[in-house]
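Each remark here refers to the structure printed beneath this line.
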Amino acid sequence: MARSYVSEARRHVGRRRDRIGPIIERLAAEHVDARIALRFRRPLELLVSVMLSAQTTDVNVNKVTATLFEKYRRPEDYIAVPVEELERDIYKTGFFRQKAKAIRGTMRMLLEEFDGEVPRTMEELLRLPGVARKTANVVAAELGNPQGIVVDTHVRRLSQRLGLTREDDPVKIERDLVKIVPRREWGRFPHLLIWHGRRVCIARAPRCEDCVLTDLCPSSRV
Ligand code: SF4
């Protein structure tokens with residue numbers, strides 16, 4: 001019953017290829033400030049922030065990195081201290097042992113293979129220890145070279161509600177999204193969904209009455 005209601009609603013709002021343009025346009029007008037919430041000044045800080053953001057909030061990471069980045073400025077700095085000291089310095093982001101290990105491994109590889117610079121391609125980023133697909137996607141996109149679409153919990157939920165995918169697995173969702181989202185929008189698109197997900201299409205109680213996408217969304221309650 002519920003399924004046929006959703007199929008009916010999907011027919012009513014039209015094909016996803018036709019809806020994606022207006023969806024992006026309206027979200028961009030609504031969330032002009034939609035950008036990554038992590039604070040960083042250089043590529044190395046971006047990479048470390050994204051690595052620290054696993055399993056915690058961006059706000060929490062920003063609190064920790066405000067002092068962390070004053071102390072650790074170059075890849076060498078993360079290796080120069082005993083691992084316990086780095087663990088203490090990132091403790092509040094949670095999973096601090098795994099994160100410290102991954103950061104130090106990554107810094108070593110940056111120095112040995114990339115002249116201490118953060119690489120910009122997915123292929124190279126994925127070689128860094130502890131850098132998974134999501135982290136690599138975020139870093140590549142923020143460095144102006146998006147090579148995929150970042151799928152986090154908000155992107156997943158909104159893509160499903162908006163009928164842009166029927167998948168549940170982030171890799172498959174990304175595969176669906178890159179087919180319909182224009183390449184020039186790959187970097188901005190996830191931020192638009194993330195901000196809309198935080199402000200309007202909230203996980204437990206979507207505020208459809210305040211949403212600019214009601215006529216384009218098969219899950220709209222209004
Ligand atoms: S109409 Fe409702 S379910 Fe659809 S995107 Fe907007 S808030 Fe979310």
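FYI, the numbering just counts along the sequence from 1. Below, all heavy atoms of this structure are taken into account, side chains as well, without hydrogens, waters or symmetry copies. For ligands, and for the atoms within them, numbers begin at 1 and follow the listed sequence.
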Side chains of R188 and H191: donor-acceptor distance under 3.5 Å anywhere? no
Compare every heavy atom of V212 with every heavy atom of R26, then report the nearest pair and how far apart it is. NH1-O, 2.8 Å
If I only include protein atoms of type N, O or S, how many are less than 2.8 Å from atom 2 (Fe) of ligand 1? 1
Counting only pairs under 3.5 Å, give me each side-chain donor-acceptor contact of residues 129-137, with atom names and distances, residues two or more places apart or in other chains.
unit_1 : atom_1 : unit_2 : atom_2 : d
R133   : NE     : E174   : OE1    : 3.3
R133   : NH2    : E174   : OE2    : 3.3
N137   : ND2    : E174   : OE2    : 3.3

Check R42 with E45, please: is the shortest side-chain N to carboxylate O separation under 4.0 Å? yes
Over 60° means perpendicular and under 30° means parallel, so tell me whether H196 and H31 are parallel, tilted or perpendicular. perpendicular
Donor-acceptor side-chain pairing of T67 and E70 below 3.5 angstrom: no
